[in-house]
Amino acid sequence: QLQAFGGGLAQVGGSLRLSCAASGRAFNLYVIHWFRQPPGKEREFVAAISLDSSGTYIADSSMKGRITISRDNAKNTVYLEMNSMKPEDTAVYYCAARRTYTTNWEIMTYWGQGTQVTVSS
């Protein structure tokens, strides 16, 4: 079971850190992904991190340099830190788990509930 939290209101140019906490012993067997769904748009890939943090994947150039993903297997938690936030970062953010990395949200094994992030000026 996954639980995403840490969303809220952020200012343009500000920062926010989301957390994805997992229950169960097999957390370190899963690649943890973050997706987001902006208002009126489809769900999209944001970032992912491999089992041992050796591989991190960030969606695209608009996010690289602004987003950092990390994990603490001892705490069964993955973090998504967003900096220099923009209004287009406004979305519901979801964490999800799968044994292997993919950007395809439709084939995730486990999902957390979403957490709303709103960026305003």
Side-chain angles (χ1 to χ4, degrees):
Q1 184 176 359
L2 301 175
Q3 183 177 7
F5 55 95
L9 182 64
Q11 299 294 315
V12 171
S15 299
L16 207 60
R17 188 175 82 160
L18 307 182
S19 299
C20 176
S23 59
R25 302 180 186 179
F27 177 75
N28 63 340
L29 299 181
Y30 288 87
V31 177
I32 303 300
H33 303 69
W34 284 96
F35 295 88
R36 69 184 184 186
Q37 188 160 14
K41 296 184 178 180
E42 293 189 355
R43 195 167 298 191
E44 61 185 13
F45 171 74
V46 176
I49 187 165
S50 64
L51 313 184
D52 60 358
S53 304
S54 61
T56 59
Y57 313 92
I58 308 297
D60 58 35
S61 59
S62 70
M63 298 186 196
K64 288 179 180 177
R66 301 193 301 117
I67 289 179
T68 302
I69 187 170
S70 61
R71 72 189 290 165
D72 185 339
N73 285 343
K75 295 182 179 180
N76 280 12
T77 303
V78 168
Y79 306 98
L80 184 73
E81 185 161 352
M82 299 182 287
N83 301 304
S84 302
M85 296 188 74
K86 305 175 181 180
E88 51 263 42
D89 293 324
T90 295
V92 178
Y93 284 72
Y94 301 89
C95 61
R98 190 171 184 268
R99 293 294 295 268
T100 57
Y101 163 67
T102 178
T103 61
N104 185 354
W105 64 268
E106 294 185 45
I107 57 174
M108 290 292 115
T109 304
Y110 300 107
W111 284 95
Q113 88 293 355
T115 184
Q116 176 71 48
V117 171
T118 302
V119 183
S120 69
S121 54

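Note that CZ of Phe35 and CG of Asn104 are 7.5 Å apart. Values are rounded to the nearest 0.5 Å. Interatomic distance, Ile32 CD1 to Arg98 CZ, rounded to the nearest 0.5 Å: 12.5 Å. To the nearest 0.5 Å, atoms OG (Ser50) and CD1 (Ile69) are separated by 9.5 Å. We find the OH-CZ distance between Tyr30 and Arg71 to be 11.5 Å, quoted to the nearest 0.5 Å. To the nearest 0.5 Å, atoms CG (Leu51) and OG1 (Thr100) are separated by 9.5 Å. Between the CD atom in Gln3 and the CD atom in Gln113 there is a gap of 5.0 Å [rounded to 0.5 Å].
In plain terms, the two heavy atoms of Trp34 and Ser19 that are nearest each other are CH2-O, 3.6 Å. Of all heavy-atom pairs spanning Pro39 and Thr90, the tightest one is CD-O, 3.6 Å. Heavy atoms only, all atoms of each residue included: Val92 and Gln116 are closest at CG2-OE1, 3.2 Å. For the residue pair Leu2 and Ala97, the shortest heavy atom distance occurs at CD1-N, 3.8 Å. The shortest non-hydrogen separation linking Ile67 to Ala47 is CG2-CB, 4.5 Å. Contact between Glu44 and Pro38 at its shortest, heavy atoms only, is OE2-CG, 4.1 Å.
Side chain of His33 to main chain of Thr102: a donor-acceptor pair is present (N/O by atom type, distance under 3.5 Å, no hydrogens or angles).
Connection of Phe5 to Tyr94 is not established within any shared hydrophobic cluster, with ILVMFWY side chains joined at heavy-atom distances below 4.5 Å, either directly or through further cluster members. Under the 4.5 Å side-chain heavy-atom criterion for grouping Ile, Leu, Val, Met, Phe, Trp and Tyr, Val31 is not connected to Tyr93 through any hydrophobic cluster. Taken together through direct or relayed side-chain contacts under 4.5 Å among Ile, Leu, Val, Met, Phe, Trp and Tyr, Met82 and Phe45 form parts of separate hydrophobic clusters.
In the displayed structure, Glu88 atom CD is contacted under 6.0 Å by more than 12 heavy atoms of other residues, nucleotides or ligands.
A parallel orientation is assigned to the rings of Tyr101 and Tyr57, their planes being inclined by less than 30° (bins at 30° and 60°).
When side chains are defined from C-beta on, Ile58 does not count as touching Arg66, because their heavy atoms never get closer than 4.5 Å.
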